[in-house]
Amino acid sequence: MGIEAASVEETYQQMRTKLSAVVPDFELKLKAELVYKINKLKRERGAIILGHNYMEPALFHTVPDVVGDSLELSRKAATTQCDPIIFCGVRFMAETAKILNPTRTVLLPAKVAGCSLAESITADDVRKLRQTYPGVPIVTYINTYAEVKAECDICCTSGNAAKVVESLKSDTIIFLPDEYLAKNVAHETGKKIFVAGRGGALKPAASGYEMIGWEGRCEVHEKFSVEDIENVRKQFPDVCVLAHPECSPEVIQASDFSSSTSYMSRFVKEHPKKQFLILTECSMADNIIADNPQSDVLRLCSIRCPHMNEITLEDTLRSLTENVQKIELPEDLMNRARRSLERMLEVQ
Ligand code: 13P
Ligand code: SF4
């Protein structure tokens with residue numbers, strides 16, 4: 001992937017062919033020069049650009065060598081020989097790349113690029129949970145910082161969460177920090193869930209609970225409601241609703257399909273005749289529309305992840321020219337966090 005073009009004009013023409021349905025022409029003209037410079041410098045430096053599915057369309061379709069969901073990008077980051085790795089995604093993703101491939105320079109184009117889920121829990125919270133529930137295995141969603149991964153037993157992503165939980169063969173499992181993802185996984189795997197959390201409910205769960213969750217939420221996906229779905233279904237009765245598993249259990253129950261961002265994209269590609277409503281970060285719906293111009297794709301477009309939105313073409317070029325922002329983590333911390341990630345990668 002990434003545009004192969006011999007000039008700015010050729011870059012612009014390729015961008016126009018792919019993106020004219022979702023990006024205004026004046027923006028394509030402005031961005032073509034940046035895209036051309038990034039791709040040229042990337043090749044000269046032997047760098048690789050990894051792009052999450054939530055990148056804005058003029059970046060997503062032009063500069064990454066590999067695009068995907070958290071699991072696909074982690075696998076690619078772990079094995080790439082290229083150096084540096086420019087991570088067009090949020091900080092926890094760039095940290096994961098560094099942990100899995102520590103001899104590479106990993107650059108994050110934005111200074112912060114946080115995540116409301118990653119902010120919702122600390123290493124100390126995990127240590128307290130372990131004291132409260134001794135011997136209970138702890139799964140952490142990959143949307144956490146290295147300090148939290150280092151205290152947990154295994155990671156998971158939205159693409160493999162149920163598989164990871166089932167692989168543990170334990171009567172009780174702690175699943176952190178996304179309350180909604182935990183509840184959706186509990187539903188999928190037939191487990192009874194209790195939500196712990198800092199708000200005082202940190203006590204041993206009454207017997208009978210098989211999963212213990214946390215009170216973290218994705219600030220983007222928690223905004224979708226069953227009412228949104230009902231309103232769209234009234235107008236478009238045949239619409240097929242795809243929702244990311246960070247949405248509430250009520251939204252997931254009212255939808256037709258739920259999985260990781262890449263599985264959602266693939267689902268659209270595999271069903272060209274259907275009409276879709278995409279309930280996730282709105283740039284991803286634009287990316288799907290650009291890839292499937294023949295499909296009828298609706299989206300609720302007011303919901304952009306502010307953290308993913310920090311990653312711009314301007315800053316990606318700056319990352320490549322100035323080698324910023326380098327992800328640096330203590331070796332011991334990386335070693336401990338790597339165990340949780342590698343255990344996840346071993347789950348098929
Ligand atoms: P995916 O792993 O499904 O791409 O999800 C990452 C994410 O942050 C969704 O909000
Ligand atoms: Fe985090 Fe939600 Fe943004 Fe994904 S969409 S990076 S979970 S805040």
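Whatever order the structure lists ligands and atoms in, that order sets their numbers, starting from 1. Computed from a prediction, not measured in an experiment: that's the story for all the values here.
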Steps toward salt bridge (Lys or Arg N to Asp or Glu O under 4.0 Å) verdict (Arg217, Glu179):
CA-CA 6 Å; Arg217 299 269 180 90; Glu179 175 185 342; 3.4 Å; yes
Given the rule that I, L, V, M, F, W and Y join up when any side-chain heavy atoms are under 4.5 Å apart, are Ile327 and Leu341 in one cluster?
yes
Under 4.0 Å from a heavy atom of Ser260: give me the atoms of ligand 1 that qualify, with their elements.
3 (O)
Heavy atoms only, cut-off 4.0 Å: how does His52 contact ligand 1, side chain, backbone, both, or neither?
side chain
Check whether the side chains of Lys42 and Asn39 place a donor and an acceptor atom closer than 3.5 Å, and report yes or no.
yes
Does Asp69, backbone or side chain, put an N or O under 3.5 Å from an N or O of ligand 1?
no
Euclidean distance, His271 NE2 relative to Arg266 CZ, rounded to 0.5 Å
13.5 Å
Are Met264 and ligand 1 in contact, using a heavy-atom cut-off of under 4.0 Å?
no
Using a 4.0 Å cut-off to any heavy atom of Ser70, which atoms of ligand 1 qualify?
1 (P), 2 (O), 4 (O), 5 (O), 6 (C)
Answer with yes or no whether Tyr263 contacts ligand 1, where contact means a heavy atom under 4.0 Å from a ligand atom.
no
Which residue holds the protein heavy atom closest to atom 3 (O) of ligand 1, what is that atom called, and what is the gap in Å?
Ser158 OG, 2.6 Å
Output yes when the distance from some N or O of ligand 1 to some N or O of His244 is under 3.5 Å, and no in every other case.
yes
Quick one: does Asn160's side chain have a donor or acceptor within less than 3.5 Å of a partner on Lys163's backbone?
no
Flag for His221-Glu281: side-chain donor and acceptor within less than 3.5 Å:
no
I'd like to know if Leu168 and Phe175 are part of one continuous hydrophobic network [Ile/Leu/Val/Met/Phe/Trp/Tyr, side-chain heavy atoms within less than 4.5 Å].
yes
Tally, protein N/O/S atoms nearer to atom 1 (Fe) of ligand 2 than 2.8 Å:
1
Sub-4.0 Å atoms of ligand 1 with respect to non-hydrogen atoms of Asn143
7 (C), 8 (O)
In Å and rounded to the nearest 0.5 Å, what is the OG1 to CG distance from Thr140 to Leu176?
5.5 Å
Given salt bridge (Lys or Arg N to Asp or Glu O under 4.0 Å), test Arg75 with Glu342 step by step and report yes or no.
CA-CA 10 Å; Arg75 289 195 192 280; Glu342 286 181 345; over 6 Å; no
Using atom types as modelled and distance alone, determine if a side-chain donor or acceptor of Gln325 lies under 3.5 Å from a backbone N or O of Pro109.
yes
Answer yes or no: does an N/O atom from Glu246 fall short of 3.5 Å to an N/O atom of ligand 1?
yes
Consider only side-chain heavy atoms of I, L, V, M, F, W and Y, link residues closer than 4.5 Å, and tell whether Val22 and Ile288 are in one cluster.
yes
